[in-house]
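Order of listing sets the numbers, starting from 1, for every ligand and every atom in it.
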Amino acid sequence: MAASDIDTPSGSNARLRVLVLGGTGEARRLAEALAARPAFEASVSLAGRTRNPLALALPTRTGGFGGVEGLVAYLEAERIDAVIDATHPFAAIMSAHVAEAAQIAGVPLLALARAPWKPQPDDIWREAASLAEALTALGAAPRRVFAALGRNEVQALESAPQHHYLIRSIDPVEPRLALPSAAYIEARGPFAEPDERDLLTGHRIDAVLAKNSGGPETYAKIAAARALGIEVIMLARPARPAVESVATIEDALAWLERRQPRPHASRSHASTARRGV
Ligand code: NAP
């Protein structure tokens with residue numbers, strides 16, 4: 001992070017120090033917008049799950065903070081004035097951590113959260129509250145399943161080994177899963193609907209296992225399944241903390257523009273006092 005050691009006085013010339021929690025296309029686009037606005041001194045944080053993440057327009061730090069305590073310490077050490085949680089809707093742990101940490105540190109927090117997909121008239125969806133429930137919903141009889149899951153989640157497929165799986169991930173799934181029948185593809189979205197139709201047809205897929213991520217970048221597989229009359233087992237989103245939230249980058253920028261840099265020395269003191277340390 002391009003952290004300056006110089007204390008910026010709170011006033012019209014001070015730049016707002018913004019931390020964006022990333023790992024999504026929205027975070028990448030927000031980073032581009034912030035990089036072009038001199039009023040902000042912003043950086044992005046990534047978990048470090050992807051080996052070669054796409055380049056970001058802002059300074060980037062990588063890796064966990066060390067839970068809520070670590071994140072509080074980071075917000076204070078970097079004198080962050082505002083946080084945007086632009087993590088993926090299924091990154092529930094990070095969102096819970098930042099909600100708690102921002103409250104402890106007294107830092108304003110906004111979630112940039114895309115709306116979930118809604119079933120359209122010709123969609124054949126079955127909703128599942130968990131991956132275990134989704135695997136049960138596939139049934140006992142062998143099927144050919146496109147598992148649109150993250151690398152961290154696919155191991156659960158081993159509990160339903162009767163199916164053939166098509167597994168797509170950005171980085172290779174290594175080691176390969178203990179499954180009698182699986183095909184692996186490495187690819188990074190966004191994906192186009194005609195390509196998704198070809199993929200589903202080419203692999204003779206009869207069920208799609210998907211997370212309700214929302215947004216346009218990974219929707220093509222859902223549209224393709226609809227066009228081909230293929231059933232989608234749709235994982236519902238995990239619960240996230242109730243924090244102020246917007247759905248667009250423009251609204252996130254407008255929220256940031258209303259914020260003021262804060263007097264950091266006193267804030268650090270106050271948050272230490274609040275934690276009773
Ligand atoms: P998670 O389960 O909510 O978080 C697990 C831990 O990973 C957190 O406690 C935190 O470690 C660390 N972490 C997560 N996001 C981070 C970030 N942006 N910066 C620094 N540390 C972070 O997260 P996840 O579901 O594994 O997602 C990890 C990343 O991949 C996120 O950035 C997310 O936006 C992106 N992503 C996730 C999905 C998905 O389906 N889950 C899909 C696409 C992209 P500490 O407790 O040590 O701070």
Cation-pi geometry met for Arg168 and Phe191 (6.0 Å, 45°): yes
So the atoms of ligand 1 within less than 4.0 Å of a heavy atom of Lys211 turn out to be 39 (C), 40 (O)
Check the side chains of Glu244 and Trp255 for a donor-acceptor pair under 3.5 angstrom, ignoring hydrogens and angles. yes
- Heavy atom of Gly66 under 4.0 Å from ligand 1? yes
Counting from 1 in the order shown, the ligand 1 atoms closer than 4.0 Å to a non-hydrogen atom of Gly63 are 20 (C), 21 (N)
For this session: State, without any angle test, whether Thr248 and Asp251 hold a side-chain donor-acceptor pair at a distance under 3.5 Å.
Result: yes
Q) Can Arg259 be said to sit on top of Phe40's aromatic six-ring, NZ or CZ under 6.0 Å from centre and within 45° of the ring axis? A) no
Checking heavy-atom distances from atom 8 (C) of ligand 1 to each of Arg237, Glu26, Met94, the winner is Met94
> At a 4.0 Å cut-off, with the gap strictly under it, does some heavy atom of Leu71 reach an atom of ligand 1?
Replying inline: no
Ala92 heavy atoms within 4.0 Å reach ligand 1 at atoms 3 (O)
Arg61 heavy atoms within 4.0 Å reach ligand 1 at atoms 20 (C)
So that I can tick it off, tell me whether Asp171 and Arg151 are bridged by a salt bridge, with the cut-off set at under 4.0 angstrom between side-chain N and carboxylate O.
yes
task = Tell me, yes or no, whether the heavy-atom count around Glu127 atom CD, taken from other residues, nucleotides or ligands under 6.0 Å, exceeds 12.
result = yes
Ranking Ala86, Gly70, Gly67 by closest non-hydrogen atom to atom 46 (O) of ligand 1, top hit is Gly67
Under 4.0 Å from one or more heavy atoms of His97, ligand 1 contributes atoms 9 (O), 46 (O)
In terms of its nearest heavy atom to atom 21 (N) of ligand 1, the top option of Gly25, Ala27, Gly64, Ala148 is Gly64
Ligand 1 to Phe90, heavy atom cutoff 4.0 Å, flagged ligand atoms 25 (O), 39 (C), 40 (O), 41 (N)
Exercise. Does Arg176 count as lying over the ring of Tyr184, i.e. NZ or CZ under 6.0 Å from the six-ring centre, within 45 degrees of the axis?
Worked result: yes
Heavy-atom proximity to atom 32 (O) of ligand 1, picking from Gly189, Gly22, Ala47, points to Gly22
